[in-house]
Number of protein chains: 2
Amino acid sequence: MAESDTIDSKPLAKVLNEHGVRPTSQRETVYESLLQKRDHPTADEVFARVREKAPTISLATVYNCLDVLVQNKLVRAVNFERAPTQYCANLAPHAHFHDEAGRTLDIEMPTGVIDQLRDLLPSDFDVKHIEVNFHGRAPHND
Amino acid sequence: MAESDTIDSKPLAKVLNEHGVRPTSQRETVYESLLQKRDHPTADEVFARVREKAPTISLATVYNCLDVLVQNKLVRAVNFERAPTQYCANLAPHAHFHDEAGRTLDIEMPTGVIDQLRDLLPSDFDVKHIEVNFHGRAPHND
DNA sequence: ATACGGAATTAGAACTATTCTAAATAAAAT
DNA sequence: ATTTTATTTAGAATAGTTCTAATTCCGTAT
């Protein structure tokens with residue numbers, strides 16, 4: 001299995017480039033880790049995960065990379081009640097469910113619902129982003 | 001106009017009591033300030049405002065009072081992207097619009113919309129709270 | 001290939017909103 | 001009045017994030 005085309009790793013740099021992000025190895029590693037385990041990790045958690053592949057990376061760099069990815073719409077930052085920011089590689093419009101146990105789940109949001117939310121606002125409001133957060137208890141399926 | 005019944009100040013202690021909050025002078029002052037200027041102040045801003053009426057109050061007490069009011073459903077805490085928590089005395093279910101200039105506005109949310117949001121979740125999810133935040137540019141009417 | 005210049009990374013210090021701590025005070029219950 | 005319990009207070013501590021200044025990296029021009 002020496003020189004097989006690994007389906008994921010090759011186009012990563014290209015994806016970053018297409019979004020205006022200079023593909024450094026740290027950015028690729030951070031982005032890859034978000035794509036691989038989609039459980040809304042915090043910066044600290046990302047830091048812990050990427051250290052295996054990039055043992056010399058610093059926490060500041062993880063923050064930098066995450067910021068760049070968020071700025072360039074490759075990743076979403078998710079905030080809930082002053083808890084540490086969580087990161088999410090799901091780009092489809094969706095809401096988040098925050099479990100009382102600490103889990104964060106993506107909730108699909110059809111465009112119809114989004115449009116209805118937007119219609120709550122007077123027409124002279126310019127809406128850039130709509131954020132929907134649920135909080136409660138989700139059934140734990142282990 | 002010496003001994004007129006001031007419509008607001010009398011029942012305040014009663015309102016607190018009815019919500020299970022022991023009415024201390026600090027709590028009354030903090031709650032009153034939120035009722036009077038409904039512009040979603042931060043704890044620091046509340047601190048600055050109540051100092052006129054209660055010059056010896058401490059910031060820690062302001063935090064304590066706000067927490068107690070939030071715990072007992074007299075006030076809502078509003079968070080947006082790790083900005084300092086803002087406080088809101090509007091108890092009706094509503095969303096928030098976060099202006100790029102920093103203003104926070106209440107947006108009425110009919111129960112129909114709330115129900116539709118809840119319907120996005122599988123029925124075995126127990127929803128405690130739904131939070132909707134808009135972000136964008138609001139027309140500034142000065 | 002090599003040197004230059006701007007961008008990215010790094011370690012650690014700094015910052016900020018909030019919470020904690022322990023002592024003092026106030027209020028309620030006896 | 002006295003005891004108990006809750007609240008307030010000032011300041012220290014904490015945690016997540018950002019800043020700083022030095023180093024390293026990478027693309028481009030030579």
Side-chain angles (χ1 to χ4, degrees), chain A residues 12-14 16-17 19-33 40-51 53-72 74-88 98 102 104, chain B residues 12-14 16-17 19-33 40-51 53-72 74-88 98 102 104:
Chain A
L12 249 188
K14 199 168 293 183
L16 293 179
N17 246 327
H19 282 251
V21 176
R22 179 128 72 116
T24 67
S25 74
Q26 290 88 341
R27 287 170 180 176
E28 285 179 40
T29 309
V30 165
Y31 185 41
E32 193 180 30
S33 102
H40 305 84
T42 64
D44 268 331
E45 286 165 347
V46 172
F47 184 44
R49 290 173 192 181
V50 298
R51 285 183 105 154
K53 287 215 170 182
T56 69
I57 202 170
S58 75
L59 178 57
T61 298
V62 171
Y63 273 106
N64 287 343
C65 292
L66 290 169
D67 280 353
V68 168
L69 293 172
V70 169
Q71 297 295 330
N72 294 278
L74 277 158
V75 164
R76 258 178 74 180
V78 184
N79 286 103
F80 192 65
E81 277 183 2
R82 294 201 66 78
T85 301
Q86 298 172 268
Y87 297 88
C88 173
H98 299 266
T104 297
Chain B
L12 249 189
K14 199 167 294 182
L16 293 179
N17 247 326
H19 283 252
V21 176
R22 178 129 73 121
T24 67
S25 74
Q26 291 89 340
R27 287 170 180 174
E28 285 179 38
T29 309
V30 165
Y31 184 41
E32 192 180 32
S33 103
H40 306 83
T42 64
D44 267 332
E45 286 165 347
V46 172
F47 183 43
R49 289 173 193 181
V50 298
R51 285 184 105 155
K53 287 215 171 183
T56 70
I57 202 170
S58 76
L59 178 56
T61 298
V62 171
Y63 273 105
N64 287 343
C65 292
L66 290 169
D67 281 354
V68 167
L69 294 172
V70 169
Q71 298 295 330
N72 294 279
L74 277 159
V75 163
R76 258 178 74 179
V78 184
N79 286 102
F80 192 65
E81 277 184 1
R82 293 200 67 78
T85 301
Q86 298 173 267
Y87 297 88
C88 173
H98 298 267
T104 298

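The figures here come from the full heavy-atom set of this structure, side chains too, leaving out hydrogens, waters and symmetry mates. If you're wondering where the values come from, they're calculated on a predicted model, not measured in any experiment. Order of the sequence lines fixes the chain letters, A, B, ..., with proteins taken first and strands second; residue numbering starts at 1 for each chain.
- Of all non-hydrogen atoms in B:Cys65 and B:Arg27, the two that sit nearest each other are SG-CG, 3.6 Å.
- Remark: P of D:dG16 and CG of A:Leu66 are 15 Å apart, rounded to the nearest angstrom.
- When side chains are defined from C-beta on, B:Leu69 counts as touching B:Leu16, because their heavy atoms get closer than 4.5 Å.
- With sequence neighbours left out, A:Arg49 forms a salt bridge (Lys or Arg N to Asp or Glu O under 4.0 Å) with A:Asp39.
- Contact detail for A:Thr29 and A:Lys53: the closest heavy-atom pair is CG2-CB, 3.9 Å.
- Contacts of B:Ser25 classified as side-chain hydrogen bond (donor to acceptor under 3.5 Å, both in side chains), with partners at least two apart in sequence or in another chain: none.
- Side chains of A:Thr104 and A:Gln86: a donor on one and an acceptor on the other come within 3.5 Å.
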Using a cutoff of under 3.5 Å, can you pull out all pairs of nitrogen or oxygen atoms linking the protein to nucleotides 3-7 of chain D, with atom names and distances?
from	atom 1	to	atom 2	distance (Å)
D:dA6	O4'	B:Arg22	NH2	2.8
D:dA6	O3'	B:Arg22	NH2	3.0
D:dT7	OP1	B:Arg27	NH1	3.0
D:dT7	OP1	B:Arg27	NH2	3.2

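- Look at CG on B:Asn64: it is 12 Å from C1' on D:dA10, rounded to the nearest Å.
- Exactly one of B:Ile57, B:Thr56, B:Val68 qualifies for a side-chain contact (heavy atoms from CB on, under 4.5 Å) with B:Gln26. That residue is B:Ile57.
- Taking all atoms of both residues into account, the shortest heavy-atom contact from A:Ala43 to A:Val62 is O-CG1, 3.7 Å.
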Show each protein N/O and nucleotides 17-19 of chain D N/O combination with a separation under 3.5 Å, one pair to a line.
from	atom 1	to	atom 2	distance (Å)
D:dT17	OP1	A:Thr85	N	2.8
D:dT17	OP1	A:Thr85	OG1	2.9
D:dT17	OP2	A:Tyr63	OH	2.5
D:dT17	O5'	A:Tyr63	OH	3.3

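- Judged by distance alone, the side chain of B:Arg82 and the main-chain N or O of A:Arg82 form a donor-acceptor pair under 3.5 Å.
- For A:Phe47, the ring pair (Phe, Tyr, Trp, His ring centres under 6.0 Å) test picks out no residue, with sequence neighbours left out.
- The nucleotide range of DNA chain C contacted by chain B, defined by atoms under 4.0 angstrom from heavy atoms of the protein and reported 5' to 3', is C:dA17 to C:dA28.
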